[in-house]
Each structure stands twice: as C-alpha cells, then as structure tokens.
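In what follows, a single structure is set out as structure tokens and then discussed.
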Amino acid sequence: MKHTGRFGTYGGFYVPEVLMPALEELEDAFYRFYQDEQFSQELKQLLKSYAGRPTPLYYAKRFSEQVGFKVYLKREDLLHGGAHKMNNTLGQGLLAKYMGKSKLIAETGAGQHGLATAMVGSLFGFDTKVFMGSTDIVRQSVNVHKMKLCGAEVIEVEGGTGTLKDAINEALRYWTSTVSDTFYLFGSVCGPHPYPTIVREFQTCIGKETKAQCLEQLGRLPDLIVACVGGGSNAIGIFSSFIDDKDVRLIGVEAGGKGIKTREHAATLLKGKVGILHGAKSYLLQDEEGQIYETESVSAGLDYPGVGPEHCLLKDSGRAEYVAAEDTDVLDAFELLCKTEGILPALESSHALAYLRSQKGKLDGEAIVVVNLSGRGDKDVGIVEQCRPAG
Amino acid sequence: MRTYKQVFSETKTALVPFFVIGDPDLQTSLSIVKASIDAGADILELGIPFSDPIADGPTIQKADIRAAKNGMNVKKAREFIGKVKAYKDIPIGLLMYYNLVYQYGKEKFFEDFARAGVNSVLIADLNINDADEIIEPARAAGLETVFMATPNTRDERIKQIASKTTGFIYAVSLLGVTGSRDKLSGLVEGFLNKLKRLTKVPVCVGFGISKPEHAASIAKLGADGVIIGSRIVKIIEENLGSKDKMLAEISKFISDVKKTL
Ligand SMILES: Cc1ncc(COP(=O)(O)O)c(C=O)c1O
C-alpha cells in the first residue's frame, strides 16, 4: 500500500492476506485515475446526464415554519436511483471499467446502494451480484425487485440478524474467492482502505455543490449542516466542503432505534467503543469481550454497528457533533415532511429531519440549516404503513 | 514446553487439526481435543468464537455459533487451553480475529495466553503490513509469530512475511474462505514450491484440506505440516446427536490422515 488509510488512528486495512493484492490494485487504480482528465470528464458527464446532477438546494418554507428556523434541503432524493448512493457507484463503476473488471459485487442494507450498483452494472454491462441480509430483503422488497429488473443477482444472506453487517461479511467472504476478476463496489465510507477515501472522494460533489448553491442563493454559508450517519457517506459527502469553515456546525444523526439507553439502536459514535471490524478500526457497538452487537433501527440503511473512520476522528476532534434520533421521532419527521412539502424522505434521511424538530425553539429564527436529504422514501412506504397506518 | 521446532524436526509432516474451542460445548470440546491428540495430532490449531468471522465458511461459522451459544468466551478459552496442556504437552496455535485480542488488551492477551500454554497467536484479519502492532507484545510474552501467506501473495511480500515469522508460515492453499473442498486446490503445488524457494521458514498448509489423499499430496510436496479444519468440524456438526459416534469418527479420520503422512 502507498497510503496508510488512516484518519488519525482510525481506519487502516485489517483484512486477511488474500484480500491485500486486490486492495493494493484498487488503491493504485484510484490514485491513477480519479484526477485523470479523461476519467474526470467522463464521470462528470455521467453524473450530469445519467444521474441528474447538480441536485437542487430547496428552501422548505412550510417545514421551516413548523420548526422555527430556515431549512434548506439538498435534494439527493432526486438523484437517479433515489439516493446519494449513485454518486459513488458511478465513480467506482467507472473505475472498475478503467481497471478492466467486468464483475461487480456489493453489499446493501436499505437496497439503495444495491440498486445504484445494479443500475451502474447494467449501464456498463457488468455482471452484478448484490449481497443483502434476509431481514432487509423483506423490509426493502421494492428495491430487491428493482435490482433484479436491472439485471443484478440478489444473494440472500441468512447469518446474524440478516442486516447490513451480515451482508458485508458475506460479500467479503465471496470476494476472497473471486479477487482476481471481481470488483467489490463498497457502499459507504467504511471498510478497509482505500474505500473510506474513495467513497468520500466520490461523494464530495454533494458538499461542493451545496457550498456553491448556498453562496449563490443565500449569499452566505449555512449555520448548520445536518446529515444522517449509517456508515457515513452522505454525511462525509456534504461535511467535506465545510470542514475548514469553523463557523458552520456539522451534525451527524445516528439511528437511536428504540432509545440509546436500550441495546436496540445503531448509535455507534455515541455508544460504541473503539475496535476492529470489516477491515477498519473505528467505534463499534460491541460487548465487553469484543463480540459485535446486533443493531436495531427502523431504517435498514443505518442499521450497522460500525461507522466510517473519518467520522470517528471528527467526533474525537469535536469538529462534528453526533446525536441520535429514535424511531418514533423519525416517523413523525417523515410524516411532517410529507404533509408540509409533499416530499417523501427516506427513513434514513428522516433521522436528520427528526433532529431539526428537536431543535424547535432552540435555534434562532434566522438560523439557516441545510439538511442532506440523502434519499427518497418510496422504498419505505410499506414500513411506514405498518408502523403508522395512514389516515 | 514443546515447541513447533521440536515437532517439525521429529515428524516428516505434522498433522494439525483445527477446532473451535467450546464446540459444541465445553465438555465435549475437551473430549474431542483429547481424542484427536490420542489419534495422532502433532500440533493443535484452536479458535475462539467471534461474531463476524470473515475468513470462515459456513462450517466454522456454525461451530462459532454453537460454541458461543453454549457459553464459550475468551476467559473460558484460556482455562480450556490450560486443561489441554495438563492432558498433554502439545504445541498450540491460536487462530483469532483481531477485535477479541484488541479488546482484551494486546499485551495482556499474549501474556495470559502464553502462560496458559499457547505457542503462537495468528490473527486472521491482521496482515503483514500491520505485523508490528503485535510482534513486540507477542515476543515479549515469549510467543512465536505465525502469519498467513496466500497463493496471490507477491514474492516481495512472501519474503517480508518470512522475515517476521518465527513459528511457521500458514500457507492458505486456495483463494477463499475455510471450508471442505472435494479437490485439492490447483494452486497449491506452485505456491508451495515458491514458498520453499523464497524462504527457509517451516510451512504448514491449510484451508480446504479434506481427505487423507489431500494430506498425502501436501506432504509429498514437502510441507512441514498440514492443517485440517472444516472437514473435522463437519464431523462434529453431523454427530451432534451422538457424542460417542462423534469422538469415534474424529479419531478415525485423524488416524487415517496420520497414516498417510
Ligand atoms: C437514503 C440513504 N441515506 C443514508 C444511508 C446511510 O448510508 P451513509 O451513512 O453511508 O450515507 C443509506 C444507506 O442505505 C440510504 O439509503
């Protein structure tokens, strides 16, 4: 490896030897291509004409009235595929093409990353396999159908609680036997180096656009930026451009599940301890001995006991603040955005909205808050219907 | 305490069975290990159950779950090793995932397990790039160091691995996770030859070795040891209803393999 892949002491590449050649090849290719003129142009064009970038920064007036300060939504929900995941899958998919790979594998929780991978797989003519936990296959069945329509094979993972952690375990195992010809398209800013760096880089377009749009539409930077944190890619994507702007508060919202005083949540940064999982050192939800906990969240995309190494560093340094939103508050926030704006947010993104509701009366009326609306909620209508029968 | 070196100098090819400590339960597990020693095991490779064993296929994953369900944990595993050593002075290599070692405290883990009687601690998800995180505390505790090499490891890296290894190189016979295979990996011959050419460190071959014939071929290729995991763990899984049959079949399998070496 040419780089350590560390964010402070976090990150690294704690993987079995068999995966090292593939990670070295990936690191080499990434640093060779991502600033290459032709690669950048091709990616830029795809982001524009295939995925629909730039996404709007939208002033949510009626939602703002409800919370008592000015809320702007970065509309990643309008991106092709329905979430920010497409930024990364187009980037890595193109990288795979430049590397001459023709087989993709990916893990998925909510199915958004799996879907975005399936789409890119069919766009480039790759053979695509998506690993997904059995619980997630049931609760995100719409996305399973979409992935199949786009030609991907969805492989059901039975182990553990059948969620994202189990899907990653199985994808890593599969990769060890296929390393020579298969590209593992990782979905968030976690996993072994170089993934946290690669995914970060391909998601920075969110932050860059947001900054330019703030300056153009508002004439100034926002006071707060709020994003949900599962592995942490949509949050890093939008935070990245503002890290040096010390007056902009950065808030990451984790899955509080049934409450962070219980064990049934996925608030890794708030309640975790440092350890090693899936190739990286990071905060982890685990017991005394180091066995990883099974997590719980209404949103499959945040239901993960680890978190990206860069977030661990941002937490320790205090540059970003991390909070949790509980399932019931998330559902309330989901409904509020539907009712006030006619926008169905993903349950993941609804965590960020739930934090805004909790700040009612605490933030100044002139405060400008940008929320990364990381995805749309079409996939979640069934779950919401179950938890909160409509009307 | 008996060393790897003694075993390698006294046997042509050492027989190294792998077990998950506490599979299916503590008492049975101890009986299994004793039976395998009696049947001819030269070295033991033992694992402590972990929630997310990414280098393991379904058979060992299930063994981890069985053992953990029946209460196995790091502390009990240490006591277990003490009991095995009290039965017979046989070299023991631990096979771990890093998080368990890390949470225990690296220094303390190596000290406590060295005292319990293990000869080395191999960490499946820590490769040679990060070897320095464990070499010092391992040596301070008097342990040998063991690292894995795989058929896709480049020559330069193999040399690096050899230079940091004192016990033996754990040569993974194939690209993939643990699990029985019908056929011996086609990669193993070239890989072993390469290892022999590049290093003088002893080499034990594992992953996918499932039949006495496989072990015989590995021995013929000049390996210093052959490690058999999933195939034996599968015997446990298939005989959960009858402990006697389980022990008898494990003993038979191990002595069948032993005869070919
Ligand atoms: C819409 C949406 N937002 C957020 C996430 C969480 O991922 P990350 O924290 O990497 O942005 C997911 C994951 O599936 C998602 O689908």
Side-chain angles (χ1 to χ4, degrees), chain A residues 1-6 9 11-25 157-161 165-166 168-182 191-193 273-282 284-294 305-306, chain B residues 48-58 61-62 64-65 68 72-77 96-105 109 122-131 133 147-154 157-158 161 169-172 174-179 181 185 187 207-208:
Chain A
M1 287 283 189
K2 295 203 183 67
H3 301 260
T4 61
R6 297 280 174 169
T9 55
F13 36 86
Y14 295 100
V15 295
E17 173 64 19
V18 63
L19 294 181
M20 284 305 291
L23 292 177
E24 286 177 337
E25 183 191 1
V157 179
E158 300 275 0
T161 42
K165 171 178 81 123
D166 311 299
I168 296 177
N169 284 341
E170 209 49 39
L172 285 170
R173 288 181 188 123
Y174 179 85
W175 201 29
T176 61
S177 58
T178 55
V179 270
S180 34
D181 66 350
T182 298
H193 173 71
K273 238 177 10 172
V274 176
I276 292 103
L277 179 70
H278 295 154
K281 187 180 282 182
S282 80
L284 297 174
L285 292 170
Q286 55 181 321
D287 70 12
E288 283 290 299
E289 170 164 280
Q291 308 290 352
I292 309 303
Y293 280 148
E294 284 158 355
Chain B
I48 299 179
F50 180 53
S51 51
D52 297 86
I54 56 163
D56 287 300
Q61 288 172 44
K62 280 188 230 157
D64 276 353
I65 292 169
M72 184 44 59
N73 59 32
V74 177
K75 183 164 158 280
K76 286 186 194 159
M96 298 293 299
Y97 287 91
Y98 196 17
N99 198 44
L100 295 184
V101 178
Y102 190 84
Q103 298 309 326
Y104 194 97
F109 187 93
L122 166 58
I123 298 176
D125 53 348
L126 183 134
N127 61 72
I128 205 68
N129 291 70
D130 290 314
E133 288 192 28
F147 291 99
M148 281 186 179
T150 45
N152 57 350
T153 306
R154 284 175 290 103
R157 257 179 105 78
I158 287 178
I161 288 168
I169 292 178
Y170 190 127
V172 177
L174 44 76
L175 300 180
V177 292
T178 59
R181 311 284 201 277
S185 157
L187 300 169
F207 281 45

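Chain letters run A, B, ... following the sequence lines, proteins first, then strands; residues in each count from 1.
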Checklist entry - Tell me, side chain or backbone of B:Tyr102 under 4.5 Å from chain A's heavy atoms, or both, or neither? => result side chain
Checklist entry - Quick one: what part of B:Val172 sits under 4.5 Å from any heavy atom of chain A, side chain, backbone, both or neither? => result neither
Item to check | Side-chain heavy atoms of A:Pro16 within contact of B:Ile54, under 4.5 Å | outcome: yes
Checklist entry - Taking only residues two or more places apart in sequence, or in another chain, which ones meet B:Thr178 in a side-chain hydrogen bond (donor to acceptor under 3.5 Å, both in side chains)? => result B:Asp56
Checklist entry - Counting distance only, does the side-chain N/O of B:Asn99 pair as donor-acceptor with the main-chain N or O of A:Gly275 below 3.5 Å? => result no
Checklist entry - Between atom CG of B:Asp52 and atom NZ of A:Lys165, what is the distance when rounded to the nearest 0.5 Å? => result 3.5 Å
Checklist outcome for this item: When the 4.5 angstrom heavy-atom criterion is applied to A:Leu277 and chain B, the contacting part is side chain
Item to check | Straight-line distance of A:Met1 CE to B:Asn129 CG, nearest 0.5 Å | outcome: 7.0 Å
Next on the checklist: Tell me which of these, A:Glu288, A:Glu170, A:Lys281, has more heavy-atom pairs under 4.5 Å with chain B than the rest.
Outcome noted: A:Lys281
Checklist entry - A:Val15 versus chain B, heavy atoms under 4.5 Å apart: side chain, backbone, both or neither? => result both
Next on the checklist: Which atoms of B:Ala149 are under 4.5 Å from chain A, going by heavy atoms: the side chain, the backbone, both sets, or neither?
Outcome noted: backbone
Checklist entry - Between B:Pro53 and chain A, which part of the residue has a heavy atom less than 4.5 Å away: side chain, backbone, both or neither? => result both
Item to check | Partner residues of B:Asn73 under the side chain to side chain contact (heavy atoms under 4.5 Å, CB included) criterion, sequence neighbours left out | outcome: A:Glu289, B:Lys75, B:Lys76
Checklist entry - Are the side chain of B:Gln103 and the backbone N or O of A:Val274 linked by a donor-acceptor pair below 3.5 Å? => result yes
Item to check | Worked check of salt bridge (charged side-chain N to carboxylate O under 4.0 Å, His left out) between B:Asp130 and A:Arg6 | outcome: CA-CA 12 Å; B:Asp130 290 314; A:Arg6 297 280 174 169; 3.7 Å; yes
Next on the checklist: Once rounded to the nearest 0.5 Å, what's the spacing between atom CG of B:Asp125 and atom CZ of A:Phe13?
Outcome noted: 13.0 Å
Checklist entry - A:Tyr293 versus chain B, heavy atoms under 4.5 Å apart: side chain, backbone, both or neither? => result neither
Checklist entry - Do B:Glu133 and A:Tyr14 have side-chain atoms, one donor and one acceptor, less than 3.5 Å apart? => result yes
Checklist entry - Taking side chain as C-beta onward, heavy atoms only, is B:Phe50 less than 4.5 Å from A:Ile292? => result yes
Checklist entry - With chain A, which of B:Met148, B:Arg157, B:Lys62 has the greatest number of heavy-atom pairs at distances under 4.5 Å? => result B:Arg157
Item to check | Of B:Leu174, B:Thr150, B:Val177, the residue whose pairing with A:Thr176 passes side chain to side chain contact (heavy atoms under 4.5 Å, CB included) | outcome: B:Val177
Checklist entry - Quick one: what part of A:Ile168 sits under 4.5 Å from any heavy atom of chain B, side chain, backbone, both or neither? => result neither
Checklist entry - Got a second to check how far B:Gln61's CD is from A:Asn169's CG, nearest 0.5 Å? => result 7.5 Å
Checklist entry - Does any heavy atom of chain A fall under 4.5 Å from the side chain of B:Ile65, the backbone, both, or neither of them? => result neither
